Every structure is written in C-alpha cells, then in structure tokens.
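Presented below is the structure to which this report refers.
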Amino acid sequence: MIVLENVTEVSLDNVREEVAAAIEQGWRFVTITAVDLNENEFEFIYHFHNPEFEIKNLRLTFPKGTVVPSVSGVLFCALLVENEIKDLFHIDFEGLALDYNGTFYTNVDELEEGERMIAPFATFTTVQKNKD
Amino acid sequence: MSRTIIPFGPQHPVLPEPLHLKLVVEDEIVSEVIPNLGYVHRGLEMLSRVRDMHQMIYVVERVCGICSCLHALAYCHALEKLYGLEAPPRARYLRIIWGELHRMHSHLLWLGLYAESFGFESLFLAFWKVRERIMDIMEATAGNRVVISTNIIGGVRRDISPENLRWIMNEMDLVEKEFRQLMSTMLKDYTVESRTRGKGYLSKEDAYALGACGPTLRGSGWAIDSRMLEYDALKDFSFEPVVEHDGDSYARGVVRFKEVLQSIGIVRECISKIPDSELSVPVKGNPPAGEAWSNVEQPRGELLYYVKSDGTKNLPRVRIRTPTFANIPPLLVMLKGCELADVPVITLSIDPCISCTER
Amino acid sequence: MGLLNNLINKSRLKSPWVVHYDCGSCNGCDIEVLACLTPVYDLERFGIVNVGNPKHADVLLVTGTVNKRNKAVLKNIYDQMPEPKAVVAIGTCGMSGGMFRECYNVVGGVDKVIPVDVYVPGCPAKPEAIIDGVVKALELVKAKLEGKAPQSDAAPAEPAEGKPEEPKPEIDAA
C-alpha cells in the first residue's frame with residue numbers, strides 16, 4: 001500500500017506545538033486535508049513543503065465531535081482552510097483567528113437559529129439507482 | 001477620520017469572476033480587508049464519490065477552465081503513482097507541450113486583464129490577439145479551444161501529427177515576435193510603471209511565511225517552481241525558474257512576461273526532441289488502496305492533489321489545493337494600507353482564479 | 001414623442017449593451033465571452049459593448065451554474081436591468097447545471113432563478129455560438145419593442161417550455 005512519505009503522528013494536545021516547530025525549522029505550510037475515515041473518526045493531514053520540495057506531513061486522528069485546536073494563531077494562512085473544513089465537515093475549531101461561523105462557502109441565511117447546514121462531505125453517501 | 005465599508009465585487013467590471021472583498025476604508029486608505037467567498041463554490045470534490053476515477057478526469061478539468069489541462073495532469077500523476085505506472089515517452093512530451101501552451105494562454109489572458117485594470121484597453125485587445133494564435137493551436141490539436149481533455153491515466157488520448165508540430169514551431173516564432181513588441185511597450189511605459197511600481201509590496205519573509213506560491217512568491221525573490229521537480233519530459237531539459245526581487249505588482253508582472261518566453265522555449269525544445277512511442281499504457285482494474293500526492297506548476301502557482309483510494313472504482317477523497325487559495329492570505333496583507341484606486345491592480349497582481357479557489 | 005421613441009428603439013437594436021455575470025462558471029465560458037470582444041471575433045462590429053453596470057444593459061450574459069449563494073446576486077442584477085431585456089444562458093452549466101448538477105451547493109440552470117430567452121450550448125461554448133446567441137437575443141428584444149412578445153417582468157421564474165425538469169440524482173443525506 002502506497003502512503004504519504006515523511007508522516008509524523010500527532011495528537012490533539014501537541015498539534016499546535018508540532019506545527020509551530022515545523023514552521024520554526026523552515027517548512028512552508030501548504031494545506032490541511034480533512035478525511036472522513038469511518039463512522040467514528042476524522043483525520044487531518046497538515047502538509048508542509050520546503051524550498052527543496054521535500055514534503056513533511058503531520059497526521060492527526062481524532063474522534064468525531066471533538067473540538068480541534070486551531071493553528072491559525074501560529075499560522076495566519078491556515079485560517080481559510082480551517083474555515084473551509086468547518087463548513088464542509090462540521091468540525092469546530094478552538095481559537096480561529098477569523099471565524100466565519102459556517103458561512104464561508106455555504107449559506108446559512110435560510111436556516112433557523114441554531115440549525116446547521118448538512119455537512120456535505122461528512123454525511124453524504126451515494127445510493128445506487130435501480131435500473132428499470 | 002470617517003470609516004466606511006466598501007464592497008468590491010461580486011460583479012465588478014475589472015474582474016470577470018465573482019470575488020467579493022469587504023474593504024474597510026479610512027478616507028482613501030484601506031485599513032482592513034475581509035474576503036467573502038462562496039459565489040462559485042460547487043463542491044466538486046464530493047463528485048469523486050459519484051463518478052468513477054476515469055470520469056473524474058473530466059470533472060477536475062472543470063475546476064478551472066483556464067488551466068484545465070494542468071488539473072487533469074496533476075490528477076493523472078497522483079493516480080499513476082497509485083497504480084505504479086509511468087506514461088510512455090511521447091506522451092510525456094505531449095503533456096508538457098499542452099501544459100506549456102496552457103501556461104502561455106493563461107499568462108497572456110492575465111496580462112490583458114492586468115492592462116485593463118489600469119485602463120489600458122487597447123493593450124488588453126493586443127494581448128488577446130496574440131493569445132488567439134495559441135487557442136488556434138489547441139483547437140487544431142485537441143478539438144476544443146479551452147477544455148482540451150487530452151490527459152488520461154497512463155498517457156494521453158491524442159497525438160500531434162508531424163505537420164502540426166512543424167506548424168506549431170512556426171506559430172511560436174510569430175507569437176514570440178508579437179509578444180516581444182508588446183513586452184517592450186508595457187514594461188517601458190511610464191504610466192504602467194507609475195501604476196504598478198511599489199504597489200502591493202510583499203516582503204521575502206512574508207511571502208514564505210504566508211504560504212504564497214507561483215509568480216507571487218517568485219516575484220518576491222524565492223526560486224520555488226514545481227517544475228523544478230522535473231515531472232514528465234522536463235527531466236530531459238535544464239530548468240531555471242524566473243525570479244524577481246522587488247516584490248511589488250510590477251515584479252509579478254515581469255515574472256509572468258518572462259515565463260511566457262520561457263514556455264515558448266520549452267515548447268520548442270519539446271518539439272525538437274520528441275521521441276516516437278505509443279501514447280498510453282493500459283490501466284487495468286481499480287486503483288490499489290493507498291494515498292498519493294502530486295505537485296504540478298500551474299500558471300498561478302503550485303497545484304497539489306491528494307488522492308485517497310480504498311480499492312474501489314470511486315475515490316473516497318480527492319483534495320485539491322489550488323494556488324489562488326494559498327495566495328489570498330498574502331493578498332490581504334498587500335491590500336492593507338493601499339489606496340482604494342489601487343485595489344483592482346493589486347488584486348489582479350496575484351492572478352486570482354476564484355473557481356479554482358472555491359472549487 | 002413618437003419620433004424620439006423610434007430613435008431610442010433603433011439605437012437600442014443597433015447598439016445593444018451587454019452585461020456579463022459569472023455565476024459559478026469554471027471560467028471556460030467567461031474567457032470565451034471576453035474573447036468575443038477581442039479583435040479576432042470582434043463583437044463590436046454589431047455595436048455590442050460590454051458594460052459593467054446592469055442599469056445600462058439590454059442583454060444579460062450568464063455563465064455557469066447557479067449556486068445557493070449567488071442566486072440572490074443574479075436575481076438582483078436581473079431586476080436592475082431596464083425593460084426590454086433579454087437573458088442569454090451560456091454553456092452546459094448555465095442550461096441545466098451540466099456535470100455539476102449533482103453537487104450539494106448547486107441549484108441548477110439559470111432558468112431556475114430568472115427567465116432565460118436564449119440557451120447557448122457547449123462546454124465551453126465557442127465564441128461563434130455566443131455571438132449567435134446574442135444576435136438571437138436581439139431579435140427577441142426587437143419583438144418586445146414592437147409589442148410582439150410579452151415583456152419579461154420580474155415574475156417568479158418557471159422552467160422554459162419543452163425543457164423537462166432535470167431529476168436530481170439520489171444522494172442521501174444519511
């Protein structure tokens with residue numbers, strides 16, 4: 001099985017420190033990928049590059065419903081991608097530098113107070129059509 | 001001092017695309033910028049669960065119509081990594097030829113819009129006239145002007161005949177001649193310099209720390225270009241990225257000017273060295289379970305694909321990191337403290353592609 | 001008054017102004033709309049000018065699918081345009097939602113929000129087809145001026161006749 005190279009497992013407690021340490025070592029932040037692993041778990045992959053095009057990944061696995069510490073405090077440019085994840089996966093972040101409250105992409109104007117949009121990436125499954 | 005909020009977009013004469021910025025203005029100076037996205041968000045990453053992996057090529061091409069060929073290329077690279085395949089030699093050359101043609105037409109398009117953003121409309125028309133030559137090449141070789149759909153997993157779908165290759169060589173000479181005339185017009189013009197020099201300054205440290213990519217990063221003095229990874233045919237040539245050190249809108253324009261000339265050189269070199277071989281290798285069955293990461297240089301910067309497969313024909317996750325998404329945080333920093341009249345110029349200097357950003 | 005009206009109507013038809021709104025398109029159709037204005041295709045030989053203000057425009061060119069956020073913007077632009085007006089939906093996405101019709105954030109074609117007069121097919125639509133579409137839309141504006149076609153007021157949009165409703169594929173929010 002092919003997997004990403006240079007992956008370090010991190011936990012919810014030390015993700016902020018690990019990201020700050022990677023920036024300190026001269027890595028350039030690329031993006032965060034959120035993956036819906038199964039019914040119980042999500043996975044975040046923090047991707048980094050350096051000018052020699054080496055790649056560094058931090059893998060964070062956590063149970064659904066957890067509030068994840070935001071890295072936008074140490075890394076301003078992670079703000080957009082964290083808001084995107086908040087919209088599409090309904091994962092809440094603690095300490096977002098600029099919080100769109102779930103209106104980054106999806107529109108919540110039509111919803112009632114307290115209600116949330118269906119998080120499309122986390123809950124959508126496909127149903128095979130019956131061929132008549 | 002009076003504080004006003006001015007909306008910029010989503011329907012704006014300068015931008016063909018719906019980007020919406022909320023500008024907080026004190027007198028004429030922008031003090032804060034809040035980007036407001038979502039006007040083009042379709043959610044096509046989700047389609048990977050509905051469409052199979054071969055159909056997804058045509059979906060990812062429509063992430064962005066301007067650099068469609070390179071989106072398909074990055075996606076095919078990721079899947080080829082999963083399968084453990086490599087495209088045949090001729091296909092590798094054809095991919096680079098089409099990719100560089102896309103870069104040229106994208107940069108020419110941008111240069112035209114950029115000229116229009118400071119009111120130089122005749123220059124806009126002149127750039128787009130040169131661009132039509134490249135669109136003709138696309139139409140003659142692939143059958144469509146914009147979305148050409150030539151890449152498939154394991155190779156390319158079409159060949160370019162020897163007559164057409166010779167014709168492209170001739171066209172490249174004409175494009176270069178016309179382009180060099182426009183280049184000297186624009187870069188030496190007093191008005192252009194005064195509208196762009198020193199506007200939207202991004203320091204070398206900021207560019208790196210804020211995750212900028214593409215000409216925005218190279219305009220600030222970093223020699224980072226994904227083509228240095230030497231994917232496909234690029235490993236047969238020596239490649240030097242274009243770097244400018246000023247970090248302002250003018251420098252980012254110069255980077256793009258020089259990259260067009262560089263692309264013309266790469267296309268010429270590819271055509272002169274193109275080997276003979278079959279066009280694609282057969283792909284059998286579903287991709288093996290695993291995850292892959294690919295990196296391709298788009299006209300706007302580095303394009304990254306993360307693909308996760310679970311062994312079925314549908315991919316459970318396709319993640320697309322597009323260059324404009326990375327260039328928006330630097331834009332927010334650049335816009336802070338600029339004059340309101342410079343906002344269109346600075347916004348365009350990162351070459352925003354909103355349909356890429358929001359997918 | 002009759003003479004002045006005639007003059008205005010004549011100049012409307014001889015020099016129609018278009019406004020272009022990108023409504024969730026992939027840029028493919030947008031750059032083809034802009035390519036129409038350039039020297040090779042040259043829309044201006046028909047007197048057509050691209051303007052930025054919907055209040056000045058006679059024809060609205062819409063590219064791309066309508067999504068949940070931009071449908072209000074599209075409606076707003078349409079409402080600002082003075083009568084008589086015509087709407088041209090460009091590209092497969094603008095006609096029906098195209099390959100994105102299954103996406104969660106996509107409402108569908110342009111005709112779900114505003115009445116559309118001319119559909120231009122293609123992915124992306126070619127400049128020749130777009131010019132053809134605009135010229136067809138002008139015939140419609142002419143008919144409206146002469147009272148042969150009903151004015152399109154801001155009534156709630158209904159799907160155009162003969163165009164069956166696209167069924168949404170079954171995607172369950174489980």
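Bear in mind that the values here come from a model prediction, so they are computed numbers and not experimental data. Every chain is numbered from 1, with letters handed out A, B, ... down the list of sequences.
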For [X], is it the side chain, the backbone, both, or neither that has a heavy atom closer than 4.5 Å to a heavy atom of chain C?
X      : value
B:F127 : neither
B:V63  : backbone
B:H71  : neither

If you count heavy-atom pairs under 4.5 Å with chain C, which of B:M135, B:R51, B:E139 comes out on top? B:R51
Residue, of B:V59, B:L109, B:V40, that accumulates the most heavy atom pairs under 4.5 Å with chain C: B:V40
Please check if the number of heavy atoms outside C:W17 that lie under 6.0 Å from its CH2 is greater than 12. no
Counting C-beta onward and ignoring hydrogens, is there a side-chain heavy-atom pair between [X] and [Y] closer than 4.5 Å?
X      : Y      : result
C:P124 : B:N144 : yes
C:C26  : B:R42  : yes
C:F100 : B:L47  : yes
C:C93  : B:R62  : no
C:I31  : B:H105 : yes

Contacts of type salt bridge (charged side-chain N to carboxylate O under 4.0 Å, His left out), residue B:R180, not counting sequence neighbours: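 For B:R180 the salt bridge (charged side-chain N to carboxylate O under 4.0 Å, His left out) partners, ignoring immediate neighbours, are B:E176.
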Are the side chain of C:N67 and the backbone N or O of B:H41 linked by a donor-acceptor pair below 3.5 Å? yes
Do B:I354 and C:D22 pass the side-chain contact (heavy atoms from CB on, under 4.5 Å) test, and can you show the C-alpha distance, the side-chain angles, and the key distance before you say yes or no? CA-CA 10 Å; B:I354 309 304; C:D22 171 351; over 6 Å; no
Can you see which heavy atom on C:N70 is nearest to which on B:Y39, and at what distance?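 Shortest heavy-atom separation between C:N70 and B:Y39 comes out as ND2-O, 2.6 Å.
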Smallest heavy-atom separation, B:L113 atom then C:L34 atom, equals CD2-CD1, 4.0 Å
Contact class of [X] relative to chain B, heavy atoms under 4.5 angstrom:
X      : answer
C:C123 : both
C:V19  : side chain
C:S25  : backbone
C:T65  : side chain
C:L37  : backbone

Below 4.5 Å, heavy-atom pairs only: which of C:G28, C:P39, C:P54 has the largest tally toward chain B?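 With the most close heavy-atom pairs to chain B, the winner is C:P39.
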